[in-house]
S.K.: 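Please read through the structure below; I'll follow up with questions.
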Amino acid sequence: MAMINAPKGVEDILFPRASYYEEIEKKAGNFFSLYGYKKIMVPTFEKTELFLRSVGQETDVGKQMYTFKDKGGRSISLRPEGTAGIVRAYVEHKIYAKEKNWKVYYAGPMFRYERPQAGRLREFYQIGVECFGEESPWLDVEIIEMAHDFLKGMGLDNIQVQVNSIGCKKCRYKYIEELKVYLGKYLDVLCSTCRRRFRYNPLRILDCKSATCRAVLEKAPRIQDFTCSSCQEHFDKVTGGLCRLKIAHTINPYLVRGLDYYTRTIFEIISSYLGSQDAVCAGGRYDNLVEQLGGPPTPATGFAIGVERLLFSLEKAGVDLSKPAPQGVFMATIGEKSVEEAIQVASIIRSQGIAVKINLTNKGLSSQLKQANRENFSWVLIIGEGEIRKGKFILKNMHSGMQQEIETEEFEVFSNFLKGDASS
RNA sequence: GUGAGCGUAGCUCAGUCCGGUUAGAGCACUGGGUUGUGGCCCCAGUGGCCGGGGGUUCAAAUCCCCCCGCUCACCCCA
């Protein structure tokens, strides 16, 4: 039979990698709770309309979703990001009527139908936080600090925080008009992609990588010159606050967002260990989205961390994640009878909370010890024919090489043996 | 959707340019040296549709064409 392999862009997360995911989520949750965030869980799929309405018109986001009709003919999409579902839950449960501030975090897989590349998969994991009901710039500061300190605390030494403000709807609109007036004069110089962007998403031209486009952008109008006084004040407080907290950051006037629900503060944290997709964390303020999804006007801020990118960066940075769990006891068996006996003994030992691995093959003892050694077992319990006859088994310490006989009854207090012997 | 690179043992790779005995190495695995005692060492062994199909040729891992897969970049980026 031909082998079936996994679909494009997804991956199996095996041991020990799966335990790294667990550890990252656990540490994130603990850390975020210091700021008052509580974990919630929302569905991995929603009505397609939710995502379409949240992103607005002007992108081909719709094309990059896993969308299908369910058996009732409803259009459903696997979530491409976390925010929309959280906002939907916020509105649906009328949280705004119950809590002034709703601070939540979530973790789980997201799905986007895109061509895979470094740091980009079709199923990937994110850990995100959202805070609703707070418009203070100090929240932006706090949330950026939280993301920054979490990543630093994980051991990521090479991150860079970039912030920008894209203003509110009004000032952004004015800015885009001015930008178009300016860029319109250089249309023939811009790259072909930017000529296309000019029509449907001119802001995106700001982070074009082409040298000629960058040159044109040198003298382009900047958003800061168009932000209204309240947006400007907001942004000044954000950057001032970051300085006060000594969070190293750069203001990147070319940092933009493709979606129109973002307002004011946006930020990214990039890692130099990553490839072309180098943001390990991205977030910002979205004061219009709750209303856009049927709730009352409610300011909100959030961010999401890409777990794969974080993990990759941590590996590059040489950070050790969770050590392999203590391995317990390897049971060496010789022959069928011995396995039979071993299974009963194993059950007694496991009932004391000690892990046991039993050899079920007919390999020689030598090879079994080699395996135990390779798999980092500290202890081997040898159960051979002779031992069964005597009712005494051999317990060997793999570090010291010392071994002793222990009797069947003594398995009841087996853990004492493991602790008792030195050099374990 | 576009472009480039890659695909040989479980893993990492050599061999491909310039076609020519039975396709190699290291690691891993199994056995032996040591009849039931690991790590180091030595010896031996298992393991390959050389990604798939077609073509050229006396002869193809090697040259040509098509397909598939992976990777990176572009696009897009919530």
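Residue numbers start from 1 in every chain, and the chains themselves are labelled A, B, ... in the order their sequence lines are given, proteins ahead of strands.
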S.K.: Identify which nucleotide among B:rG36, B:rC75, B:rA78 has an atom closest to any side-chain atom of A:T193, counting heavy atoms from C-beta outward.
M.R.: B:rC75
S.K.: Rounded to the nearest Å, what distance is computed from the CG atom of residue A:L255 to the C1' atom of nucleotide B:rC77?
M.R.: 12 Å
S.K.: Using purine N1 to pyrimidine N3 plus N6-O4 or O6-N4 for Watson-Crick, or N1-O2 and O6-N3 for G-U wobble, both under 3.5 Å, which nucleotide pairs with B:rG36?
M.R.: none
S.K.: Could you tell me if A:Y21 and A:E308 have a donor-acceptor pair between their side chains, going purely by distance under 3.5 Å?
M.R.: yes
S.K.: Would you indicate, yes or no, if B:rC74 has its OP1 or OP2 atom less than 4.0 angstrom from a side-chain nitrogen or oxygen of A:K209?
M.R.: yes
S.K.: In whole angstroms, how far is the C1' atom of B:rA78 from the CD atom of A:Q277?
M.R.: 13 Å
S.K.: Which of these nucleotides, B:rA78, B:rC76, B:rG39, is closest to any side-chain atom of A:E114?
M.R.: B:rC76
S.K.: Say we look at B:rU21 and B:rA61: how far apart would their C1' atoms be, to the nearest angstrom?
M.R.: 16 Å
S.K.: Considering just the side-chain nitrogens and oxygens of A:N5, establish if one lies under 4.0 Å of OP1 or OP2 belonging to B:rC70.
M.R.: no
S.K.: Quick one: do A:E23 and A:K27 make a salt bridge, cutoff under 4.0 Å?
M.R.: yes
S.K.: What is the distance, to the nearest angstrom, from the CD atom on A:E49 to the P atom on B:rA78?
M.R.: 22 Å
S.K.: Provide the distance between the two C1' atoms, one in B:rC6 and one in B:rA14, to the nearest whole Å.
M.R.: 15 Å
S.K.: Check whether any side-chain N or O of A:R204 sits under 4.0 Å from OP1 or OP2 of B:rA78, and answer yes or no.
M.R.: yes
S.K.: Do A:E387 and B:rG36 share a donor-acceptor pair, side chain to base, under 3.5 Å?
M.R.: yes
S.K.: Any side-chain N or O of A:Q117 under 4.0 Å from OP1/OP2 of B:rA73?
M.R.: yes
S.K.: Heavy-atom nearest nucleotide on RNA chain B for A:A6 versus A:Y262: which residue maps closer to 5'?
M.R.: A:A6
S.K.: What is the distance, to the nearest angstrom, from the CZ atom on A:R197 to the C1' atom on B:rC77?
M.R.: 10 Å
S.K.: Which nucleotide, B:rG1, B:rC76, B:rG38, lies nearest any side-chain atom of A:Y200?
M.R.: B:rC76
S.K.: May I ask you to decide if the ring planes of A:F132 and A:W102 are parallel, tilted or perpendicular, using 30° and 60° as cut-offs?
M.R.: tilted
S.K.: Name the one of A:E145, A:E142, A:K103 that satisfies side-chain hydrogen bond (donor to acceptor under 3.5 Å, both in side chains) with A:Y35?
M.R.: A:E145
S.K.: Hey, is the side chain of A:Y113 poking within less than 4.0 Å of OP1 or OP2 on B:rC76, counting only N and O atoms?
M.R.: no
S.K.: Heavy atoms from C-beta onward define the side chain here; which of B:rA73, B:rG31, B:rC77 lies closest to that of A:S367?
M.R.: B:rG31
S.K.: Strictly below 4.0 Å: does A:S276 bring a side-chain N or O up to OP1 or OP2 of B:rC74?
M.R.: yes
S.K.: Using Watson-Crick or G-U wobble geometry with both distances under 3.5 Å, which nucleotide pairs with B:rG69?
M.R.: B:rC6
S.K.: How far does the C1' atom of B:rG52 sit from the matching atom of B:rU8, given to the nearest Å?
M.R.: 14 Å
S.K.: If you check every side-chain atom of A:L365, which of B:rG39, B:rC75, B:rG36 has the closest atom?
M.R.: B:rG36
S.K.: Is there side-chain contact between A:P109 and A:R79, with heavy atoms separated by less than 4.5 Å?
M.R.: yes
S.K.: Find the distance A:R195:CZ to B:rC75:P and express it as a whole number of Å.
M.R.: 14 Å
S.K.: Can you tell me how far P of B:rC76 sits from CD1 of A:I205, to the nearest Å?
M.R.: 10 Å
S.K.: Of the options B:rC75, B:rU37, B:rG36, whose atoms approach the side-chain atoms of A:Q403 most closely?
M.R.: B:rU37
S.K.: Using atom types as modelled and distance alone, determine if a side-chain donor or acceptor of A:S338 lies under 3.5 Å from a backbone N or O of A:I383.
M.R.: yes
S.K.: So which nucleotide from B:rG3, B:rA78, B:rG36 ends up closest to the side chain of A:R115?
M.R.: B:rG3
S.K.: With rounding to whole Å, what would you report as the distance between B:rC27 and B:rA44 at their P atoms?
M.R.: 14 Å
S.K.: Using atom C1' in both nucleotides, what's the gap between B:rA60 and B:rC49 to the nearest angstrom?
M.R.: 15 Å
S.K.: Test the A:R122-A:Y113 pair against the cation-pi criterion, namely NZ or CZ under 6.0 angstrom from the six-membered ring centroid and within 45° of the ring axis.
M.R.: yes
S.K.: Between A:T250 and A:Q160, do the side chains contain a donor N or O and an acceptor N or O under 3.5 Å apart?
M.R.: yes
S.K.: Which value, in whole Å, describes the distance between the C1' atoms of nucleotides B:rU2 and B:rG47?
M.R.: 41 Å
S.K.: In this structure, how many angstroms lie between the P atom of B:rU2 and the CZ atom of A:R196, rounded?
M.R.: 13 Å
S.K.: Report yes if at least one side-chain N or O of A:K8 is closer than 4.0 Å to OP1 or OP2 of B:rG69; otherwise report no.
M.R.: no
S.K.: State the pairing partner of B:rG26; accept Watson-Crick or G-U wobble contacts with both distances under 3.5 Å, and report none otherwise.
M.R.: B:rC11
S.K.: Taking the same atom, P, in B:rA25 and in B:rC42, what whole-Å distance lies between them?
M.R.: 15 Å
S.K.: Calculate the interatomic distance between A:D260 atom CG and B:rC76 atom C1'; express it in whole Å.
M.R.: 16 Å
S.K.: Please pick, from B:rG38, B:rA73, B:rC76, the nucleotide with the shortest atom-to-atom distance to any side-chain atom of A:A118.
M.R.: B:rA73
S.K.: Quick one: is A:S366 getting a side-chain N or O under 4.0 Å of the B:rG38 phosphate, OP1 or OP2?
M.R.: yes
S.K.: Looking at A:R112 and B:rC76, is any side-chain donor or acceptor paired with a base atom of the opposite kind under 3.5 Å?
M.R.: no
S.K.: B:rC63 pairs with which nucleotide, Watson-Crick or G-U wobble, both distances below 3.5 Å?
M.R.: B:rG55
S.K.: Considering only the P atoms, how many Å lie between B:rG69 and B:rG51, rounded to the nearest integer?
M.R.: 16 Å
S.K.: Using both distances under 3.5 Å as the test, list the Watson-Crick or G-U wobble partner of B:rG1, or none.
M.R.: B:rC74
S.K.: Could you label the plane-to-plane angle of the A:Y105 and A:F32 rings as parallel, tilted or perpendicular, counting under 30° as parallel and over 60° as perpendicular?
M.R.: perpendicular
S.K.: Kindly point out which of B:rG36, B:rC75, B:rG31 is positioned nearest to the side chain of A:K363?
M.R.: B:rG31
